[in-house]
Amino acid sequence: MNLLPLLVVFPMFMAIVLNFLHGKDKLIKYSSIALAIILMALPFIPNYGFYFFGNHGLVETMTSGIAYLFNPAKQLILIVLTLIASLTLISSAGEKQSGLVTSLVLMGLASVTAVVLSEDLFNMYVFYEITAISQTGLLLATGTENSYKSALRYLIMGNFAGSILLLGIGLLLSISGTLFIPEIHAQLLANPTNPVIYGGALMLIIGLCYGSGLPPFHTIKSEVYSGAKPFISAVLQTFSKFVLVALMLLMFKLFYGLPLFGNLQVLLIVISILGMVFGVVMALLQTDYRKLLSYHAISQGGYVAAGLALGTPLGFVAGVFHAINHVIYKSALFLGAHIVSNENKTSKLDKLGNLLPVMPFVAFMVLCAKLAISGVPPFNGFQSKLLLAEASINANLPELTIIMILVSIGTFVSMMKAFYMIYLKPNGLKDIEELKKDYNNPMLKYPKFSLLILTILCIILGIFPEIVTNTLYNSFDNFLSTL
Amino acid sequence: MRNIITRDIAVFLSFLFFGVAILYSIFNINVVEGVNAVYTSNYIVPNFVTAVLFDWRAFDTLGECLILVTSVMVTGMVFGRGLYNTDFLKSLFCENTQDGQNASYKDDEDHDLGFTSIIKVITMPLSVILMVLGIVTILAGHITPGGGFQGGALISVAYILGIIGYGTKSPIGFTHHFLEKLETFGALFFMIMGALGMAVSGYYLLNISVLNGIPLFPSPQNMGAVGLIPYLNIAVGFKVLAGLSSISLLLSTKKIFTNNSGLKSSNS
């Protein structure tokens, strides 16, 4: 028996149960830790291949129902996704919390899993919407006025972008008569100059930019990341990155081989370059640590999109590998920010300082993550950025490589500035004893544990990238020729 | 000033290009029948819309229900029990006093909105009729137009009508907790019905009509086997009725906020 639907249904089931258990804090705390462990086992259970819901497979030459596809690359993505979500659940055990945060994290996890797995355009849209709403809810959990404002803005933008995406899906359905992605592609190839395809592709790109925070939606997305509590931002940016990977691959699955595909590819590369550059330029200007990290999340999203948009096998491998690395080290950085700014302490860089003697081990782990995001060996960021540079040169785009290196330098500068301001700079306001008393919170052991695991992963993937890249090479070598 | 004009022009141009592209696409649509032919030529239940929603694409329907569940959770976070930080909302709901301890509510009492007695007399029978119609729509969703969504929406409209006519003294008094239970039950029931199909054959949301020789849903001979569809309709009906009602309950009354924010006790 193929247990693929459990990947989506089990987290949702538990989300609803935990939502109902609201108020029983102790029960929720222990059950969320138990859930975190169970969830990590889920991606190993199902079999590879297509799965048809309700056994509605091929009827009269058309695929009638909803299909999911599970393969090793998707398994890898889901392992990382559930790992980050589980670590977030473990970190949240140290917070004064309610079941709502836990259930929204689970809801988001299930919906992103469905977006990654789905081979059905409309099913993808439905779960894309759930992702957007649960991200808004996680932002609201902060409960500050600013987060309420950004959540409202994010929802209004979401209404706009979601409706456009749905209209695009409607256009593609009208000309192809089906929602099963490989069949849509076949139908489009049969009539490649149909003008409706242009409208559909444009609208899908707007949905992609909203879901992943690429321009023109980069400001609102960074507001979302910086408004939420930092350990929640870790899982929020993970959701966005994997939605980005799924939707970029969708573009190839739908439009590859059509006459408009060349223009589409240029458009995607331009958007990703804009994301990279805007993100890092805005990050250099920030004085708040959480905002700085948020803009870096946008900038690194641009890297992922650029790698995938190249459309070469090496580009796909580099893009997906970078997405995986990025969610690992960026989550570590957000958890570091959470430890620093816990319990409504400030995250303004000029009010922090001299934390190295207070938490030397945390500072070391955060330094590892910072070096990883700037692409310094032997951390995982270096491996994927190297692959990205190699892929863009192989695709005859050395300009893109230069931009990537420049953006990397910007990342390094702002990250080192932040490290100096937080851990090394003398703190004018408090002496060390006072600071030690401030950060002596036993509940911080949960985020520290999560941070430790992520740092270890950063180093392991930096030294042995083959663990991930071998699977990805196998999956993406023939990806384009099978379309 | 100059800046604003430049921005206006940029917005105008981008809307122009986007709009022209979309209109150009839409004028060239030539709709292909495609998979709809499969849906309409394979008979499952007399109502083809229900057949598509609850059999062919039942998992999408589950997803749409969960959009509603998530929305209710998020709405609850702003107005209801999930409130985290009530400080800035206090200023909206309470009169400011010096220390905030003796905050008093601006208008905790019901207002008489000045509806004439005609409205109050008409509201109740209309609500009852709507509610009965909703139940019929849910239960007969697989043979007549309608279904779970529509029936649930009808019942919650009856509830909202009661609130509009009578305020918090509405005779149809669903409490917030009752609605939560109903919503949880609806969503879990849908998922468990889906898992039933998985236990029988390995396919989630498989439309089984006979289990161990016993028909799952008793229906007349010439109706064919409708299987799970009526049960899924009922689950979605509960879900939608509870979801829409609790959103409107949260939006319409300050009582929930005052009870949840913990301000009530300090006041009285």
Side-chain angles (χ1 to χ4, degrees), chain A residues 1-3 5 9 12-13 15-17 19-20 22-23 52-56 59-60 62-66 98 100 103-104 107 111 114 122-123 126-127 129-130 133-134 136-137 140-145 148 167 171 173-180 187 194-200 202-203, chain B residues 18 21-39 41-42 55-60 62-64 66-67 69-71 73-74 76-78 81-89 180-181 183-184 187-188 191-192 194-195 197-199 201-207:
Chain A
M1 186 159 58
N2 194 350
L3 294 175
V9 175
M12 292 201 154
F13 193 90
I16 292 170
V17 171
N19 177 38
F20 187 65
H22 172 89
F52 294 100
F53 279 90
N55 203 7
H56 291 306
V59 182
E60 298 166 12
M62 298 289 267
T63 304
S64 55
I66 295 163
S98 72
L100 279 176
S103 30
L104 283 172
M107 216 51 146
S111 54
F122 185 71
N123 195 258
V126 169
F127 285 97
E129 284 286 303
I130 299 182
I133 296 174
S134 55
T136 315
L140 282 171
T142 321
T144 58
E145 190 171 352
Y148 276 60
L167 189 54
L171 288 182
L173 171 66
S174 73
I175 51 170
S176 63
T178 172
L179 287 164
F180 183 51
Q187 293 285 334
N194 195 332
V196 183
I197 303 174
Y198 286 93
L202 260 180
M203 291 178 177
Chain B
F18 192 75
I22 301 306
L23 283 179
Y24 176 62
S25 294
I26 288 176
F27 277 124
N28 284 292
I29 285 185
N30 194 5
V31 177
V32 179
E33 194 179 18
V35 79
N36 291 323
V38 175
Y39 290 160
S41 61
N42 287 282
D55 189 61
W56 297 104
R57 308 190 65 85
F59 195 61
D60 278 348
L62 176 61
E64 277 152 32
L66 289 169
I67 290 183
V69 174
T70 325
S71 316
M73 275 186 213
V74 173
M77 239 158 180
V78 184
R81 55 190 196 141
L83 278 172
Y84 279 79
N85 185 349
T86 52
D87 289 345
F88 87 92
L89 284 175
E180 256 163 33
K181 276 185 198 163
E183 185 177 27
T184 312
L188 293 187
M191 289 183 173
I192 291 169
M198 207 165 166
S201 73
Y203 287 99
Y204 196 75
L205 282 167
L206 180 74
N207 193 5

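Hydrogens, waters and symmetry mates are skipped; everything else that's a heavy atom, side chains included, is used. Only a predicted model underlies this, so the values are computations on that prediction, with no experimental measurement involved.
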ask   = What part of A:N2 lies closer than 4.5 angstrom to a heavy atom of chain B: side chain, backbone, both or neither?
value = backbone

inquiry  = Working to the nearest 0.5 angstrom, can you tell me the gap between B:I26 CD1 and A:L171 CG?
reply    = 5.5 Å

remark   = Applying a strict 4.5 Å limit to non-hydrogen atoms, the region of B:E33 in contact with chain A is backbone

inquiry  = Given heavy-atom pairs under 4.5 angstrom as the criterion, report whether the side chain, backbone, both or neither of B:V69 touches chain A.
reply    = side chain

ask   = Between CD1 of B:I192 and CZ of A:F13, what distance do you get to the nearest 0.5 Å?
value = 4.5 Å

task = Just give me the residue among A:M62, A:E60, A:H56 that pairs up with chain B most often, heavy atom to heavy atom, under 4.5 Å.
result = A:H56

message = In the structure I gave you, are the side-chain heavy atoms of B:L188 and A:I16 within less than 4.5 Å of one another anywhere?
response = yes

task = Let me see the working for A:L140 and A:Y148 under side-chain contact (heavy atoms from CB on, under 4.5 Å), right down to the final yes or no.
result = CA-CA 6 Å; A:L140 282 171; A:Y148 276 60; 4.1 Å; yes

key: Residue selection (most heavy-atom pairs with chain B, distance under 4.5 Å) from A:L167, A:V17, A:L179, A:I197   = A:L179

message = What part of A:S111 gets within 4.5 angstrom of chain B, counting heavy atoms only: side chain, backbone, both, or neither?
response = neither

key: Contact origin within A:M12 toward chain B - heavy atom pairs under 4.5 Å   = both

Check: B:Y204 and B:M191 side chains under 4.5 Å, non-hydrogen atoms = yes

ask   = Is the shortest heavy-atom distance from the side chain of B:L66 to the side chain of A:V126 under 4.5 Å?
value = no

key: Interface residue of largest heavy-atom contact number with chain B, from A:G65, A:G137, A:S134, under 4.5 Å   = A:G137

remark   = Bottom line for A:F53: the part with an atom under 4.5 Å from chain B's heavy atoms is both

key: Residue among B:N207, B:N36, B:D55, B:N42 with most heavy-atom pairs under 4.5 Å to chain A   = B:D55

request  = Tell me, out of A:N123, A:T178, A:L202, who's got the most heavy-atom pairs with chain B below 4.5 Å.
outcome  = A:N123

request  = Just give me the residue among A:S174, A:G200, A:G199 that pairs up with chain B most often, heavy atom to heavy atom, under 4.5 Å.
outcome  = A:S174

note = Ranked by heavy-atom pairs below 4.5 Å to chain A, first place among B:V31, B:V32, B:L206 goes to B:V32

ask   = Which bit of B:F18 is near chain A, if near means a heavy-atom gap under 4.5 Å: side chain, backbone, both or neither?
value = side chain

message = As a quick check of understanding, evaluate side-chain contact (heavy atoms from CB on, under 4.5 Å) for B:S25 and A:M203, giving each step before the final call.
response = CA-CA 11 Å; B:S25 294; A:M203 291 178 177; over 6 Å; no

message = With rounding to the nearest 0.5 angstrom, report the CD1 to CG distance, A:I175 to A:N194.
response = 4.5 Å

ask   = In Å, rounded to the nearest 0.5 Å, how long is the span from CE of B:M198 to CG of A:L3?
value = 4.5 Å

